[in-house]
Every structure is written in C-alpha cells, then in structure tokens.
4 protein chains.
Amino acid sequence: MQVTPEGPTFTATARRAQIVAATIDTLAELGYGQTTFARIAERAGLSSTRLISYHFAGKAELMSTVVSEIYGTMGRFMGERMAGRADARSLLRVYITALVEFIAGHQPQMQALMSIFLNHHDPDDGGRSYDAGDDRDAIGHVEAILRQGQADGEFRDFDTFVMAATIQRSLDGLPFLLQTRPGLDLDRYARELVTTFDLATRAPAR
Amino acid sequence: MQVTPEGPTFTATARRAQIVAATIDTLAELGYGQTTFARIAERAGLSSTRLISYHFAGKAELMSTVVSEIYGTMGRFMGERMAGRADARSLLRVYITALVEFIAGHQPQMQALMSIFLNHHDPDDGGRSYDAGDDRDAIGHVEAILRQGQADGEFRDFDTFVMAATIQRSLDGLPFLLQTRPGLDLDRYARELVTTFDLATRAPAR
Amino acid sequence: MQVTPEGPTFTATARRAQIVAATIDTLAELGYGQTTFARIAERAGLSSTRLISYHFAGKAELMSTVVSEIYGTMGRFMGERMAGRADARSLLRVYITALVEFIAGHQPQMQALMSIFLNHHDPDDGGRSYDAGDDRDAIGHVEAILRQGQADGEFRDFDTFVMAATIQRSLDGLPFLLQTRPGLDLDRYARELVTTFDLATRAPAR
Amino acid sequence: MQVTPEGPTFTATARRAQIVAATIDTLAELGYGQTTFARIAERAGLSSTRLISYHFAGKAELMSTVVSEIYGTMGRFMGERMAGRADARSLLRVYITALVEFIAGHQPQMQALMSIFLNHHDPDDGGRSYDAGDDRDAIGHVEAILRQGQADGEFRDFDTFVMAATIQRSLDGLPFLLQTRPGLDLDRYARELVTTFDLATRAPAR
DNA sequence: CATGAATGAGCGTTCATTCAT
DNA sequence: TATGAATGAACGCTCATTCAT
C-alpha cells in the first residue's frame, strides 16, 4: 500500500495556474479596478466565480499568488543571467540588460504587478500596499551591486540608495513606455540605460 | 452699469474645492479603488454623497478636475522656477531641483495623480487611462531641454526619449520612496539626481 | 388708486404655460418614465428645476394641469364642431371626423395624455390612474349620442356602452398608428371609421 | 450513457417563473414606473433584489421575458382556438371571441403588457418602445384575415389596415373597461363586438 | 418672482463571498 | 473537485423636493 504524500493535486495545481494566468491577463488589460472574479472567470472559461473562491482563500490570496509567481519566474531568470559575474560594472550591465529583456518578454505580467502594487491595499496590513515591501527587495539587490562597486573602487562616491532607486525606476517604467511606443527598440533601450548609468556611476579616471 | 459675467458662484467654487481636496486625500490614503463618493463625503464632512453628484457631473468629471487642478498648480510652480534660464544644463538642474521640491511639498497630490493615472480607465475613451496622454507631456518637456542641450553641444549624443523618460521616472518615484523612507533628505536627493544626470548627459571634455 | 384683483400674475401664467408646454413635449418624446423635472427644465430653458416646484405644488399637480389644459382645448374644439347638429347619425359622423382632425393636429398632446393615463398612479388616490375617471367622460359623451340614435330609431339595438367604448378606442389609437405610419391619410382614416361605425350602428332598412 | 444537454436547471426555471409572475402582478397593480426590483422582490418574497439580478441580466431582460412569456401563452391559446377554421367570417368571429376570453382570463398579464409597451423605452434601440414592433404583429394577423375575406368576396371593400387596427384596439381596451366595470358580461361583450364588426365588414347582399 | 444650494430616499447594478450539495 | 443558488453590502447616480435668501 502506497502512502500518497499530502499536498495539492495535479488538477488543483493546474486550475490554480489557469486562474492565475487569467488574472494576469485581466489585470494587464483592464486594470485592477476592473479585475473582478466575474471577469477572471469569464476569461478562464470557468462556469462560475465559485471556482476561484474555492481555490483561493480570497482576492488577497489570489493577488499575492500572482505576485509571488511573477517574482519567482523573474528571480530564476535573473539568477541564471547573473551567475558567474564578479565585478560590479559587469553585474550592473548584465542586470540592466537582462531585466530589460525579461520585462520585454513578460509585459502582461509586469503590468499586472504594477496594477497590484498601486491598488491592492490590504486592510489587514494597515492599508499598506505591496509596493513598500516588495520593491525594496529589488532596490536592495541593485544597491548591493553598487556598494560592491564603490568598495572595489570601480564606482564613484554616490548615495547608493538614490542611485539604486533611480536605476530600478528606469527599468520598472519600461512597460508604460512600451504601451505608448510599442515599436520601441529594446536592445537600444538597454544599451542607452547601460551607458547612462555607467557614466553616472563609474569612478573618474585618475 | 456693470455686466456680471455668468459663472460659478463663490459658494459653489468653495464647495468644489473642498470636495476636490477631500478626494485627493482619499486617493492618496486609500487608493483609487477605495475612493468612493461615500468615503470622500465622510472625509469632507458632507451630509451625503448627493452633494458630490450635485457639484460634479460624475466620478469621471471629479477625477479629471483633480488632475487639472494638480497639473495647474504644478505648471505654475515650475514656470516660475524655470523662468530666466537659458542653457540646457541650468534648465535641467533647475527642473530636477524644482520638481523634487514640488513633489516633496505635494505628496498627497502626487499619489492621487498616480492613483488616477493607473486606475481610471475611461470607457468612453476606449478604456485608455490618463497616463498615456498626460505623462507624455512631462516627458516631452524634459526631452525639449535635452534636445536643446545636444544642439548647443552641451550634451553628448544619447537617445533623448529614453533619457527623458529615465529622468521623469526618477522624479515620479519620489512619493513612493518617501513612503518607505519618510526621513529622506530631499536636498541631498535632488543633488544626487542632478549629479547623476549631469554625468550621464554632458558632452565629454575635449 | 386702483385695486388690483387677487390672482395669478401675467408673468406667472406665462411661466406655467411654458412649463406645461415643455412637459407635454417631453412626455410625447420620452415617455412618462423619462419625464423628470430636470428634463422638463432643460427643454423649457429654465436654470433649475426649482422653478417648476415653485409654480406647481408637485409632479401630480403639474400632470393634472397638463391633462386639464389638453382636455380644455379639445372640449372647446369639439363643442364648436358639433354645434347645430341634431340627428344622431350626423352627430356621430361629425364627432369622429372632428376628433380625428383634432388628434391629427395635436399629436404630442395626445401622446402626453396617453403617457399620463397609463403611468401616473396617484398614491393619494389609492393608486388609481387618471384613466378610469377621465376616459369615462369621453365614452359617456359618445354613449349619449348612441342612446339618442336608438331612441330616435336611427340606430339598431346594441349595447351603447360597448359600442361607445369601441368607437372611442378607435379614435384614441390614432396617435399610435401615426407613430408607426406617419404618412397615414387622415381624411381617409376618418371616412373609413365613419363608414365602419355607420354600418355597425344604423337600424336595418325595413 | 445519456448525454444531458446543457440548459437552465429546474430550480432556476422555477425561480425565473416566480420572479416573472411577481413582475406581472406588480406591473398590473402599480404600473411600470413603480415596478422596481425592490417591489418585485417584496411581492415574490425574496430576501433581496440581488436574486433578480442573479437570474436576469437586467431590467430590460426581465421585461422582455415577461413580454415573451405572455405572448407565448396567448399565441398557443389562439392557435388552438382558430385551428380548423377556413372562411374569413368564422376566423374573425373566433378571433374576437377567443381573444376576449383570453384577455378576460389574463387581465394582469394584459395590463402588464400595456405598461411595458408604453413605458419601457430601450435606449439601445433608439428609444423605441416595444409597441411599434409587437403590436404590428397582432394587427398584421387580423389584417390577413380581412384580406382573405375580401379576396373571397365575403367582405366589402374597406381599408384592411384601418379596420384591423380598429378591431385590435377594441380588444386591447378590454382590460381598461374591466377595471372600470368589473362586472362586465364578457360573453355579451364578445357577441356585441362580433356583431359590430360583422356588420362593418361583410359584403352587402346582392 | 426667482434661484443656488442642499438633501434623503431610492434606483438598477456589481461586488466578493457563503451555503448546500 | 466542482457547481448552481443565494446573499448583504456597497457602488455611482437620479429623483422630487425643501431651505434660505
């Protein structure tokens, strides 16, 4: 007799993934305000919203699942790209280039994230949005690179927090730019950002 | 005999201003999704939501009034600060410094704007948000400065659109940063940005 | 010193007439349900609905004024046309012909009447509509003619109430017919009705 | 294995029927203007108006369901009664007799129909009421009988449209008459109408 | 005679969620 | 695992009317 380990069934996992995908599309297309269980169910081809309530404890859990899922994918992608880099200038260049590439390839996901960050106020969390917590991670990551560069003498002396926030913002803004300019040349965009922040960060020649 | 031109009464103007102010506060504090007539009325101390419907044709008109009001204030402020500047480096420096100052002094307004831009999809406008149209103006303004700098030989050869968007994003992000770090030194923040974008834009010494 | 007799001012009378006219147009065009003080005021070019409340005790009084006004006009018109007729066949013929003419010349008024009859339930009157009371008058008038015709031997023996109601309904229906068939030949319509009810009512030849 | 075709559940059908019935009663008793979801729910004994919104897409769908339902019942009734009749005089006689009987037995339904026709302006349909479309059907049906009678030489030469409209109006008016005279003898009413329109339509003896 | 301001009640509709299988 | 049925609360908005001048 075989002991089946406890855990979500295959079917359940698939359903959850399907619902998450439909939620991302709805968020990207209609915005947070219009993203209702009814519209998600319609897009996912579900017979009723009941299935969403069944698989997720509530709207909050659904949204945080969406966020986790996207961050997971992004984290794995970035980890692969940045592996084996050592010096800060390379790390920063690769960070920017890779993130532009990821964002370009995951536009709906990025728009979904933005929608959630700016709108989903969790009442149990004192009304705080996700933004504060989650975006700090990204900024922290960049800031670590910048600090290393300064320690190694590669970068000039600037406020690492301000610079990290500026870099992160320039990347986060890409989805909005793409909305206005769908034909934007992304390689060029990455190269321009790399050059801009290379000039802004590097230590002056002696 | 004086002909008094038709127009809104003093009382009406005051009420509208009061409602707009309460709307901005609510948007900043609770986000667009939670900004309902009931909550606005409560914050403004109105007896019922009916007074909002009385003074504004609908939620859309209220929101666009909020946007116009804030943009008006900001435009006047920036106009005063930038008057008399001629060279691009000065203009850019003053633009960044002044906008940081304005944003720091109008945090709720800025958060209200962001809330509206990202959530208020006008169904009559094909579901488009305000963002596309209005933010382009700000980017266009910065881009004009950058182009002038390149034409005058002050700035190096970069993509003015990408650079303008990057600068604008670094400024737009301030409210979020302040939310996380309320004690942020704004003078320093402005100085860091000025330095960063001065290094990133200026023509190399020959 | 002249003693001005008590009573409505000229201005007031004019305003009331203006409001009544706008009400009739609105009723005819949009139906009772859409006939609100706001829409009446708009059509009458009034600055606010307050003027209607000022001149009429309420919606009920406004509506009953509309009814009275139209019935007054119609009564005077019919009275003139039927004067001098003595025999029932002539009276019936003239009644039908004249009423068709009046209705054709007062379509908005007729549609307004229908709207009110079918929709304006007066809660103080036990929810009764105008219909019962007012339409009985018209039927009563026709019935009197029919009774006279039977007494004089001109008409055959039929139920005068049923016949009167049938005749009145055929006339009341004209506005709806005109709505569907704007080009309807009214002279022909009147002649057809006259023939129809002449055949239906007259005593058989001996 | 039996494939059960998709479709409304038994429970859902019952609920819809219950709501439709309550709607008809409310329309008949209070008129269209007072027929709100709240009053319908109250009459149907529903816990909230939400149940109506749950089973019908909106007020428009509810009203058109009411109309369809009544027309369906009426159509089936009339079809049965008129089956097997061939000559126009018989058809007309049966049509009048059967419709009087049906109307007498379905007074609330008839009043509900009238309420809807005269008040439910569909904004998506250019503000047109149901009246134009649906009542034309009834007139068209009668007109066909009249044309046949003329072609067969049974009826004299009259305008079939005017005559059909007159006949239909005399029948449609029955609910209002019954409101004023609840004790009206319906058999007699039908006989009087049959005689009236027989005299009015039949070809003169040669 | 006129009017701007204000109001409570009610409208149809949509929301996320729960109940009962 | 899935689903139809039901629900109370809240939404933006419109109603006729009243207040105060």
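Naming: A, B, ... by sequence-line order, numbering from 1 per chain.
In this structure, the CG atom of L51(B) is 15 Å from the C1' atom of dG12(F), given to the nearest Å. Taking atom CZ of residue R15(B) and atom C1' of nucleotide dA6(E), one finds them 8 Å apart after rounding to whole Å. Between the C1' atom of dA5(F) and the CZ atom of F56(D) lies a distance of 14 Å, rounded to the nearest Å. When the P atom of dA10(F) is taken as reference, atom CG of L30(B) falls 15 Å away, rounded to whole Å. The distance from atom CD1 of I19(D) to atom C1' of dA6(F) is 11 Å, rounded to the nearest whole Å. When the C1' atom of dG8(E) is taken as reference, atom CG of L46(B) falls 14 Å away, rounded to whole Å. Taking atom CD1 of residue I40(B) and atom C1' of nucleotide dC13(F), one finds them 14 Å apart after rounding to whole Å. Regarding Y32(B), its OH atom lies at a distance of 11 Å from the C1' atom of dG12(F), rounded to whole Å.
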Practice task
Carefully, step by step, assess L62(D) and H55(D) under the rule side-chain contact (heavy atoms from CB on, under 4.5 Å).
Solution key: CA-CA 9 Å; L62(D) 174 57; H55(D) 286 284; over 6 Å; no

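Contact annotation: T9(D) reaches the phosphate of dA5(F) (side-chain N/O to OP1 or OP2, under 4.0 Å).
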Completion exercise
Readout for nucleotides 16-21 of chain F: B = base within 4.0 Å of protein heavy atom, S = sugar-phosphate only, - = neither; 5' to 3' it is BBBBB-

Completion exercise
Pairs under 3.5 Å (Watson-Crick or G-U), crossing ones as [ ], inter-strand ones as |: DNA chain F comes out as .||||||||||||||||||||

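Using a distance-only test at 3.5 Å, with no hydrogens or angles considered, a donor-acceptor pair links the side chain of T36(A) to the main chain of R39(A).
Each of S47(C) and R39(D) was matched to the nucleotide of DNA chain E holding its nearest heavy atom; the match closer to the 5' end belongs to S47(C).
Electrostatic pairing of R16(D) and E61(D) counts as a salt bridge here, judged by a charged N lying under 4.0 Å from a carboxylate O.
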